[in-house]
Amino acid sequence: MEIPKTYEPQKVENKWYQHWLEKNYFHSEPDEREPYTIMIPPPNVTGVLHMGHILNNTIQDVLIRRARMQGKNACWVPGTDHASIATEAKVVKKLMDEGIKKSDLTRDEFMEHAWEWTNKHGGIILDQLKKLGASCDWERTAFTLDDDYSESVIDVFIDLFKKGKIYRGTRMINWDPIAKTSVSDEEVIHKEVNSKLYNVRYQIEGTDDFLTIATTRPETILGDTAICINPNDIRYVGLAGKKAIIPIVNRSIPIIEDEYVDMEFGTGCLKITPAHDVNDYEIGKRHKLETIDILNADGTLNDNGLHLKGMDRFEARKVFAKELEEKGFLVKVEDHINKLGFSERTDAVIEPRLSMQWFVDMKELSKPALDNVMDGNIKFYPDNIKNTYRHWMENIKDWNISRQLWWGHRIPAWYYGDGENDFVVAKTQEEAIQLASEKTGKNLNANQVKQDEDVLDTWFSSWLWPIANFGGIKDPKSKEIQYYYPTNDLVTAPEIMFFWVARMIIAGYEYLGEKPFSNVYYTGIVRDKLGRKMSKSLGNSPDPIKLMEEYGADGVRVGMLLTAPAGNDLPFDTSQVEQGRNFINKIWNAFRLVSSWDIADIEQPNSSKIAVDWFESKLNQTLTDINDQFDKYRISDALMLSYKLIWDDFCSWYLELIKPEYQQPIDAKTKEQTIVFFEKLMRIIHPFAPFVSEEIWHLLRERKEGEDIIVTEWANVGEINKQIINDFEIASEIISGIRNVRKQNNLANKKAIDLGIVKSKNHPQKMDDLIIKMGNIKSLSYIDDKMNNSFSFIVKNSSYFIPFDDTIDIDAEKAKIEEELKYSQGFLKSVQKKLGNERFVNNAPESVVNAEKKKQADAIETIKILEGKLANLK
RNA sequence: GGGCUCUUAGCUCAGCUGGUUCAGAGCACCUGCCUUACAAGCAGGGGGUCACUGGUUCGAAUCCAGUAGGGCCCACCA
């Protein structure tokens, strides 16, 4: 078979992915083995893969593949989220482009369009994940609007309602005038914006005096129902109880007192619009004020907007301000920076709005969720993110779960009258009719019992993700939930900690009395190299599919993880993916080298024996470190260790050491050992680079049916000989020394040289054959005294001499040695200063003092050697 | 406004409970090499007064305080 000079991922990746699928390796069923479960953070069903997904899912795949190799029953459950508001917005926009208005459709008609859209675009993202190599159990692919799943969602709603944890009530909520729905507090993003502060004067009724208020939203003056001052404000003594006249509107409103008013801000005079401001609403309640709502659901003014009726709120602001000015009510306009709430999904300016909604009472529910994270029962990586979590949990507010949308789980509440309590909560209409009939004592029919028009917040379904997907809501004792729950790791973005992570933990304790996962790994945000978040609108995100086509999935995976510690943002640049690809190619070429060797019945060279012994220990030691990094969820460190093990230790040292001359055969023993090493390395790298490792695994040896790397055992740690690792390190320093001398003096690498050694006890004599091979040494000899006319360097107090055959620059050589000498003398001085310090000797632990003493002795010896060399040069 | 967090080579980051003259990695950089596994490469090399100031200590990148500058989360000042 022809082996290509560079690795060709396109030819390999799909082949292996199909193979894995055919062998059903990704599928999991409960059995005797220890389960290892990850639930994918379900992407939006109509979403497309972006770089954030690549990062997130690569990490999950690395974890799941390693667990699978460790003999655990690995189960990675994939799926998608119906993403109520986001998807509905997309469908509405698509219809709009076709000239269809949502308001012209019935609910059923709209749903048909939505499903059509979902079926067309749904799951694209899951196919894209396959390109990445994601080893998800596709048979378990879930969707939050699946029948079973939906039933669990509704069951939970009914259950929480029965427990009194869900209630319906009129509250100030966040209103999104574009999507025309309420949204939860978490879906509101506060941003600083430049705005204007309008100072407007109101006449005090029955006088010619005026009060001046400050407002950023003059159009809400139309809904004013009071003017409020601080009772301690001496400027306004005696005004309380009087009335003020709203300019233009000419309505008379009371002047009230409340300590809420900040005397320092603006004029110290506050207009109260209970319908359009959260604080005003609270004040209105305290003072039993009237509430005048001036807005429609879409943000235009309603009948209460008088002559501005039908105008958009922002247009109305301009027009009304102008009118105030023309009529002399506008005192002044100041620039003002304030924070506005924007809808996470539509970016609409959020309108505080009084409305009847459904809420979950979070106080009690959240307690175990807080405790179990704080005491480490659920671990967060990075750990310090716990503080943010705690802060939110300790100040948790009730959760508005109703949305005025159609795409989602319809709220199972049924109304039989207009009264606030004229409803029942039931799974089906029949049941609702029965309940309602019992409640009212009347015989109600289907026309009289109507279901709530609203749907539930998306997160009210996804908070059940780890439970509902194993049937844990319907039957907490079922085999599946008992086996897979609690799951092991969750890999997600910190942005959705409150939306999702916290709520899954809450649901977990409420429904199973147990955490949903043991570890939460928070990834950072993928940014471009200018530090901007990657986004479609900025156009700064590469297309991951193209990236994988160009660099290979393995290359993308490796490049992505190379610099991605948990919680850290990741400034992404294609050069990283290049690095990943180069690494994969390096592996490929190492394989090409090994596979090119013919075996012959020759003796194993001593240098090969040493190399094999050394690499075995080195590999095992590094593997220990890699395992350790994995245990700490330091994924990029585990990768970097593997990277260096393969590139530096295996390729640059081991292979260079054992490789025979061109087209010469190798001894069977060394080749077999090398293949064994290679196999072990492929197992180590497999979670990161699944495709190339599988490919090479099969090219290294004939494999039987089912002998695939994906299901082989994770490499075990063998014996580690620390001495040999240590000796090799010294030997490699000596070799570097030789190469350095060569480079600086233009001695060709091809030309064999002599090496004289004045040895200290540190010189690893056992490594001599290795030094001879790597240093291209003609003859190596031990000498008692310095060698004349030679280049020299020192490693661990041994001196190494390379005689020169031509004239060389003695002054330069001298200067070099003098510099070394100066350094050593300075070092000795500092050590001696330390040892001369009584307080150091008395206070520092003995081991530290002894280490200093050894340093002193070594330094003295080094200086002696250097002085000798210097004398010799003259 | 409250809370959390960060500041170490050009870039991205390690550096555990203070102890190898004030320090590491990858990438980038510089210098040689197209040396038959690999130029997507090989070999060699340079580069940091560990943000600043003060304190604790025999000893601090590492602990404490303050200053400056980033970042994140939360919050109803019109």
Side-chain angles (χ1 to χ4, degrees), chain A residues 3 5-7 172 185 190 197 213-217 220 228 260-262 264-267 269-273 277-282 336 338-339 341 352 382 384-392 395 494-495 497-498 529 531 551 555 562-565 567-571 573 575-576 578-579 581-597 634 636-637 640-641 643-644 651-652 655-656 659 662-663 736 739-744 746 748-750 823-824 826-831 833-834 837-845 847-849 851-852 854-855 859:
Chain A
I3 301 175
K5 198 170 165 181
T6 43
Y7 176 59
M172 258 296 170
D185 293 345
H190 293 275
L197 194 59
I213 58 91
T215 179
T216 52
R217 307 185 51 190
T220 62
C228 190
Y260 167 79
V261 179
D262 181 351
E264 304 295 314
F265 190 89
T267 58
C269 223
L270 180 64
K271 70 184 212 53
I272 307 295
T273 321
D277 184 277
V278 180
N279 298 304
D280 289 11
Y281 176 66
E282 292 302 322
H336 179 67
N338 72 332
K339 286 204 167 173
N384 58 22
I385 209 164
K386 276 201 317 206
N387 294 318
T388 307
Y389 178 84
R390 180 178 62 198
H391 187 257
W392 189 76
N395 297 288
E495 296 131 79
M497 178 161 65
F498 306 133
K529 55 182 167 180
Y551 296 96
L562 229 25
T563 55
N568 270 51
D569 282 1
L570 191 135
D573 188 74
S575 67
Q576 283 161 36
E578 246 171 72
Q579 192 188 347
R581 176 203 57 184
N582 294 356
F583 175 57
I584 303 301
N585 194 233
K586 182 74 184 176
I587 296 175
W588 182 249
N589 276 293
F591 161 70
R592 284 178 61 224
L593 174 66
V594 172
S595 70
S596 72
W597 292 332
R634 295 177 63 140
S636 11
D637 296 88
M640 184 47 75
L641 285 172
Y643 179 95
K644 287 197 279 192
C651 293
S652 295
L655 289 181
E656 289 298 334
K659 87 177 178 193
Y662 179 55
Q663 285 190 339
S736 291
R739 286 168 174 170
N740 192 8
V741 166
R742 281 197 133 104
K743 163 100 179 172
Q744 290 195 340
N746 290 321
N749 287 328
K750 281 181 199 159
Y823 176 87
S824 294
F827 179 70
L828 178 64
K829 220 169 166 181
S830 81
V831 173
K833 189 179 156 202
K834 213 178 220 183
N837 183 342
E838 251 175 67
R839 283 179 300 182
F840 170 71
V841 180
N842 294 338
N843 291 320
S847 62
V848 174
V849 176
E852 290 298 317
K854 183 169 183 311
K855 275 192 257 169

Contacts of [X] that satisfy side chain to side chain contact (heavy atoms under 4.5 Å, CB included) - sequence neighbours left out:
{"X": "A/Arg592", "result": "A/Ile3, A/Lys5, A/Trp588, A/Asn589"}
{"X": "A/Pro494", "result": "A/Ile385, A/Tyr522"}
{"X": "A/Thr267", "result": "A/Asn199, A/Thr212, A/Tyr236, A/Cys269"}

Open item on the list: Looking at A/Glu656 and B/A43, is any side-chain donor or acceptor paired with a base atom of the opposite kind under 3.5 Å?
Closed with: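 No such pair is found, so the answer is no.
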
Open item on the list: Any donor-acceptor pair, under 3.5 Å, between the side chain of A/Arg581 and the base of B/A40, if you only look at N and O atoms?
Closed with: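 Check passes, donor-acceptor contact within cut-off.
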
Phosphate contact ([N] OP1 or OP2) by [X] side-chain N/O below 4.0 Å:
{"X": "A/Arg634", "N": "B/G15", "result": "yes"}
{"X": "A/Lys5", "N": "B/A39", "result": "yes"}
{"X": "A/Ser652", "N": "B/A43", "result": "yes"}
{"X": "A/Asn589", "N": "B/G41", "result": "no"}

Between [N] ([atom2]) and [X] ([atom1]): distance, integer Å:
{"X": "A/Glu578", "N": "B/A39", "atom1": "CD", "atom2": "C1'", "result": "13 Å"}
{"X": "A/Asn585", "N": "B/C38", "atom1": "CG", "atom2": "P", "result": "10 Å"}
{"X": "A/Leu562", "N": "B/U12", "atom1": "CG", "atom2": "P", "result": "15 Å"}
{"X": "A/Tyr643", "N": "B/A25", "atom1": "OH", "atom2": "P", "result": "14 Å"}
{"X": "A/Gln744", "N": "B/C30", "atom1": "CD", "atom2": "C1'", "result": "14 Å"}
{"X": "A/Leu593", "N": "B/G41", "atom1": "CG", "atom2": "C1'", "result": "13 Å"}
{"X": "A/Tyr281", "N": "B/C77", "atom1": "OH", "atom2": "P", "result": "19 Å"}
{"X": "A/Glu282", "N": "B/A78", "atom1": "CD", "atom2": "P", "result": "16 Å"}

What integer number of Å spans the [atom1] atoms of [N] and [M]?
{"N": "B/U57", "M": "B/C64", "atom1": "P", "result": "16 Å"}
{"N": "B/C30", "M": "B/U67", "atom1": "C1'", "result": "39 Å"}
{"N": "B/G1", "M": "B/G47", "atom1": "P", "result": "45 Å"}
{"N": "B/G44", "M": "B/C63", "atom1": "P", "result": "36 Å"}
{"N": "B/U8", "M": "B/C73", "atom1": "C1'", "result": "26 Å"}

Using nucleotides 32-34 of chain B, report all nitrogen or oxygen pairs with the protein that are shorter than 3.5 Å.
| unit_1 | atom_1 | unit_2 | atom_2 | d |
| --- | --- | --- | --- | --- |
| B/G32 | O4' | A/Lys743 | NZ | 3.4 |

Counterpart residues, ring-ring contact (aromatic ring centres under 6.0 Å, His included), relative to [X] (two or more places apart):
{"X": "A/Trp597", "result": "none"}
{"X": "A/His336", "result": "A/Phe265"}
{"X": "A/Tyr260", "result": "none"}

Just to be sure I understand the rule, does [X] reach a base, reach only the sugar-phosphate, or reach nothing, if contact means heavy atoms closer than 4.0 Å?
{"X": "A/Thr273", "result": "nothing"}
{"X": "A/Asp637", "result": "nothing"}
{"X": "A/Arg217", "result": "nothing"}
{"X": "A/Thr215", "result": "sugar-phosphate"}
{"X": "A/Ser736", "result": "sugar-phosphate"}
{"X": "A/Phe591", "result": "nothing"}
{"X": "A/Lys644", "result": "sugar-phosphate"}
{"X": "A/Phe583", "result": "nothing"}
{"X": "A/Asn395", "result": "nothing"}

Task: Spatial distance of atom CG (A/Asn582) from atom CD (A/Glu578) [nearest 0.5 Å] - done: 6.5 Å

Taking the side chain of [X] as heavy atoms from C-beta outward, which of [options] is closest to it?
{"X": "A/Tyr662", "options": "B/C77, B/A40, B/U36", "answer": "B/U36"}
{"X": "A/Met640", "options": "B/G26, B/A78, B/C38", "answer": "B/G26"}
{"X": "A/Arg592", "options": "B/A78, B/G15, B/C38", "answer": "B/C38"}
{"X": "A/Trp392", "options": "B/C38, B/G45, B/C74", "answer": "B/C74"}
{"X": "A/Arg739", "options": "B/C38, B/G44, B/A40", "answer": "B/G44"}
{"X": "A/Val261", "options": "B/C73, B/C76, B/A78", "answer": "B/A78"}
{"X": "A/Gln579", "options": "B/C27, B/C74, B/A37", "answer": "B/C27"}
{"X": "A/Asn740", "options": "B/A14, B/G45, B/A78", "answer": "B/G45"}

Open item on the list: Both A/Tyr7 and A/Leu197 contact RNA chain B. Taking the nearest nucleotide for each, which residue is further toward the 5' end?
Closed with: A/Tyr7

Open item on the list: Has A/Gln576 got a side-chain atom pairing as donor or acceptor with A/Pro571's backbone, closer than 3.5 angstrom?
Closed with: yes

TODO: Examine distances only and state if a side-chain atom of A/Arg581 and a backbone atom of A/Tyr551 form a donor-acceptor pair shorter than 3.5 Å.
DONE: no

TODO: May I ask you to check whether A/Thr388 and A/Lys386 show a side-chain donor-acceptor distance below 3.5 Å?
DONE: no

TODO: Return the set of residues passing side-chain hydrogen bond (donor to acceptor under 3.5 Å, both in side chains) with A/Glu656 (not counting sequence neighbours), or none when no residue passes.
DONE: A/Lys659

Task: Partners meeting side-chain hydrogen bond (donor to acceptor under 3.5 Å, both in side chains) with A/Tyr643 (sequence neighbours left out) - done: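 Only A/Gln579 meet the side-chain hydrogen bond (donor to acceptor under 3.5 Å, both in side chains) criterion with A/Tyr643.
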
Open item on the list: Wobble G-U and Watson-Crick pairs count when both distances are under 3.5 Å; given that, what is the 5' to 3' dot-bracket string of RNA chain B, with | for pairing to other strands?
Closed with: (((((((..((((.....[....)))).(((((.......))))).....(((((..]....))))))))))))....

So which protein N/O to nucleotides 1-11 of chain B N/O distances come out below 3.5 Å?
| unit_1 | atom_1 | unit_2 | atom_2 | d |
| --- | --- | --- | --- | --- |
| B/C4 | O3' | A/Asn387 | ND2 | 3.4 |

Task: Beyond-backbone contact of A/Leu655 with A/Val594, side-chain heavy atoms, under 4.5 angstrom - done: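 Contact flag for A/Leu655/A/Val594 side chains = yes.
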
Open item on the list: Could you work out, with salt bridge (Lys or Arg N to Asp or Glu O under 4.0 Å) as the rule, every residue matching A/Arg634, not counting sequence neighbours?
Closed with: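 Expected list: A/Asp637.
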
Task: Option passing side-chain hydrogen bond (donor to acceptor under 3.5 Å, both in side chains) with A/Lys271 (candidates A/Asp277, A/Thr220, A/Thr215, A/Asp280) - done: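 Single pass found, and it is A/Thr220.
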
